[in-house]
Amino acid sequence: MKMSFGWTVRSAPGRWTTPSPSSRGAHGSTGLFVPSSPPVDPEKVKELQRFISLSKRVLVVTGAGISTESGIPDYRSEGVGLYARTNRRPIQHKDFLRSASIRQFYWARNFVGWPCFSSHQPNRAHWALSNWERLGKLYWLVTQNVDALHTKAGSRRLTELHGCMHRVLCLACGEQTARGQLQGRMVELNPTWSAEAHGLAPDGDVFLTEEQVQSFQVPACARCGGPLKPDVVFYGDTVNPDKVNFVHQRVREADALLVVGSSLQVYSGYRFILTAQEKKLPIAILNIGPTRSDPLACLKLDARCGELLPLIDPH
């Protein structure tokens with residue numbers, strides 16, 4: 001199934017052309033992946049302001065809904081997520097490990113999509129949370145996203161629950177390298193390879209056919225020759241237990257929990273809301289559409305993250 005999300009991504013010998021975030025913004029495409037929502041309700045703004053003002057140590061959990069306003073699609077948003085637009089599904093961990101051809105397919109797609117994915121920039125919501133941290137209001141930030149936008153915005157008290165696409169790991173020796181460095185190696189190995197794809201997927205790749213990737217050469221680990229994998233948790237894999245325990249402890253030390261842009265359908269994030277409930281922390285949720293934890297929240301807001309969060313004074 002060939003999908004188009006409003007622009008074409010091309011890879012040609014020696015050149016990879018993707019639209020810049022600014023050019024997409026000029027045509028309104030950065031909002032293409034954001035579901036419709038009602039105008040910001042001033043009363044809801046006051047309620048969230050009170051929620052934040054009453055807390056001294058807010059723990060924030062973010063999901064894909066905070067990055068859709070930066071032009072990165074998500075999976076589950078009604079009408080605009082990947083699941084709504086296509087029958088494609090994310091790669092499974094066990095499939096990536098067992099099959100060299102699946103790894104080839106994945107890395108070819110990621111190679112074409114990387115220039116665009118890595119160029120995305122934080123939006124007003126990311127900057128707002130970074131400012132909360134700087135002013136001492138945000139105690140800890142847990143993101144389910146792998147796009148590094150919180151880091152780009154300056155967040156440091158941060159746990160990337162599912163890893164980050166900007167890092168690559170060797171499955172054999174564990175060597176970690178920068179994704180940008182791997183891109184250069186791919187260029188050298190594939191000087192005449194070309195492909196055209198329509199549409200971006202949520203995790204930094206594009207849509208290609210199997211025929212397009214048959215001749216694509218995949219680099220091996222420069223240290224030991226082992227297979228490479230992005231430093232992210234694929235579907236079917238599990239988050240490192242030490243990381244999970246670390247986040248549980250940060251939740252216990254917080255005095256309020258705010259969910260931003262997540263439906264919490266994935267248990268890896270939902271479990272921290274359960275911990276907050278057990279500790280009787282007040283829970284607020286900012287997300288367009290229903291979430292798994294709505295019954296547990298004392299405040300639920302349906303609005304764009306980038307419209308609402310900058311209105312809140314963290315002092």
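Heads up: numbering here begins at 1 and tracks the sequence.
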Are Leu296 and Leu257 connected in a single hydrophobic cluster, I mean Ile/Leu/Val/Met/Phe/Trp/Tyr linked by side-chain heavy atoms less than 4.5 Å apart? yes

Anything under 30° is parallel, anything over 60° is perpendicular, the rest tilted; go ahead and classify Trp114 against His166. perpendicular

Once the angle between the rings of Phe234 and Tyr106 is folded into 0 to 90°, is it parallel (under 30°), tilted (30 to 60°) or perpendicular (over 60°)? perpendicular

Are Val247 and Ile285 linked, directly or through other ILVMFWY residues, by side chains that come within less than 4.5 angstrom of each other? yes

Applying side-chain hydrogen bond (donor to acceptor under 3.5 Å, both in side chains) as the test, list every pair that has at least one member in residues 280-292; sequence neighbours left out. Thr291-Asp294

Whether His120 side chain and Ser70 backbone form a donor-acceptor pair below 3.5 Å: yes

Is the number of heavy atoms from other residues, nucleotides or ligands under 6.0 Å of Lys279 NZ greater than 12? yes

Is there a path of hydrophobic side-chain contacts, each under 4.5 Å between heavy atoms of I, L, V, M, F, W or Y residues, that connects Val232 with Val168? yes

Which residue pairs pass the ring-ring contact (aromatic ring centres under 6.0 Å, His included) test when at least one of the two sits in residues 135-154, sequence neighbours left out? His126-His150, Trp140-Phe246

Cut-off 3.5 Å, side chains only: do Arg179 and Gln183 have a donor facing an acceptor? yes

Once side chain to side chain donor-acceptor pair (under 3.5 Å) is applied, do any residues pair with Arg156, and if so which ones, sequence neighbours excluded? none

Is any side-chain heavy atom of Ser293 less than 4.5 Å from a side-chain heavy atom of Val259? no

Neighbour count above 12 (heavy atom, 6.0 Å) for Arg157 CZ: yes

Do Gln214 and Glu210 have a side chain donor and acceptor closer than 3.5 Å? no

Whether Ser55 side chain and Ile52 backbone form a donor-acceptor pair below 3.5 Å: no

If Ile, Leu, Val, Met, Phe, Trp and Tyr residues are connected whenever their side-chain heavy atoms lie under 4.5 Å apart, and connections chain through other members, are Phe272 and Val260 in the same group? no

